[in-house]
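The structure appears right after this line, and notes come after that.
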Amino acid sequence: MDRKKEFMGGLASGVPIGLGYLSVSFGFGIKAVGAGLSPLTASVISLTNLTSAGQAAGVDIIAAGGTLIEMILVQLMINLRYSLMGLSLSQKLDKSFTAAHRLAASYGITDEIFAVCSARREKLTPAFMYGVILISTLGWVSGTVMGAAAGQLLPAAVSAPMGIVLYGMFLAIIVPPSKKEKSVLFVVITAAVLSVILRYILTFISEGFAIMICAAAASAAGAALFPVSDSEEGGE
Amino acid sequence: MTLALYIAAMAGVTYLIRMLPFTFFRKKIKSRYIRSFLHYIPYAVLSAMTIPAIFYSTGSSVTAIVGTGAALVLAFLEMPLIVVALAASAAAFIVGLIMTHI
């Protein structure tokens with residue numbers, strides 16, 4: 001396996017993530033400074049956490065003077081979905097993924113990086129994952145710095161449409177397989193319907209938790225109705 | 001000092017959640033049901049994250065719907081991820097410009 005090629009492939013796959021992160025974390029930077037944190041603190045949070053909903057909730061807790069226990073529980077609940085993603089990715093790792101690489105690469109398991117990694121047909125290599133993580137983190141941290149330092153650097157006419165970049169990428173990942181396999185289409189539609197129900201009716205459930213419930217329920221239904229054969233598995 | 005403690009707690013919990021299953025789960029899962037479940041998880045997660053949040057992603061439901069439409073068409077035509085992602089944003093941007101100038 002050519003490591004340099006894998007790394008470059010990761011960087012290329014990470015470009016839409018980096019761009020999307022830039023715009024999302026710009027908003028986080030503005031929010032953090034508004035909550036009384038310095039630009040440096042905001043950037044340190046972005047670099048060490050690399051997650052949107054968790055960071056936003058964390059800043060809320062810091063600003064409200066919440067307890068450490070509250071911080072831990074909220075992070076656990078919002079970010080628990082990453083453990084499901086880590087489990088899913090663990091099934092398609094290349095042999096070159098040693099324990100040290102796993103410890104390092106797990107830092108970068110986010111919704112978007114997970115999406116790009118699982119959309120890959122080939123086995124997952126450390127070099128590919130590092131490429132995706134590097135460019136994504138770059139976008140995430142520099143967006144935070146810019147948002148915190150300059151506030152309204154970009155006019156809203158430019159920054160607002162950037163909010164859709166990541167979702168556009170998600171659609172590009174789920175639509176083609178939905179077109180080919182009715183099992184995937186079923187799972188995608190089920191998850192979307194559940195998500196709408198949780199968003200508008202069961203509003204007391206937090207966003208991170210809601211995603212986990214929807215994904216688990218839709219996948220459980222899909223697995224019961226359309227169990228995959230061994231040959232199908234490689235082609236996810 | 002307290003602030004550092006809070007940030008360390010945030011980062012520590014988030015890292016452990018990511019690291020534990022990814023690092024310590026090493027064997028291939030034998031159960032066909034669980035393998036199927038994990039096969040569908042990525043699609044389900046992305047779908048649940050996208051719907052309905054995409055319609056709120058641009059601060060205007062009109063530009064968001066146009067952007068979503070553009071992304072759906074290009075994704076259906078199996079264009080590369082970056083093309084779909086940027087075209088969605090460009091479509092939302094252009095419609096936003098038109099709306100402010102009418």
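Computed over heavy atoms, backbone and side chain alike; hydrogens, waters and symmetry mates excluded. Below, chains carry the letters A, B, ... as their sequence lines are ordered, and counting in each starts from 1.
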Heavy-atom check, side chain of B/Met10 versus side chain of A/Thr48, under 4.5 Å: no

Between B/Thr58 (side chain) and A/Pro161 (backbone), is there a donor-acceptor pair under 3.5 Å? no

With heavy-atom distances below 4.5 Å as the criterion, would you say the side chains of B/Met49 and A/Asp111 are in contact? yes

Below 4.5 Å, heavy atoms only, C-beta onward: do B/Tyr40 and A/Ser183 meet side chain to side chain? yes

Please round to the nearest 0.5 Å and tell me the distance separating atom OH of B/Tyr43 and atom OG of A/Ser219. 11.0 Å

Within residues 92-102 of chain B, which positions have a heavy-atom distance to chain A below 4.5 Å? B/Ala92, B/Phe93

B/Phe25 six-ring centre to A/Arg102 NZ/CZ under 6.0 Å and within 45° of normal: no

With a 4.5 Å cut-off on side-chain heavy atoms, are B/Leu86 and A/Leu19 touching? yes

How about A/Ser195 and B/Ser47: do any of their side-chain heavy atoms sit closer than 4.5 Å? no

Toward chain A, the part of B/Val13 with a non-hydrogen atom under 4.5 Å: side chain

Within-4.5 Å side-chain heavy-atom neighbours: B/Ile51 and A/Val196: yes

Going by heavy atoms in the side chains, are B/Tyr15 and A/Ser106 under 4.5 Å from each other? yes

Do B/Ile54 and A/Leu171 touch side chain to side chain, with heavy atoms closer than 4.5 Å? yes

Taking the six-membered ring for Trp, are B/Tyr56 and A/Tyr200 parallel (under 30°), tilted (30 to 60°) or perpendicular (over 60°)? tilted

Any idea which heavy atoms bring B/Thr68 and A/Ile164 closest together, and the distance? N-CD1, 3.8 Å

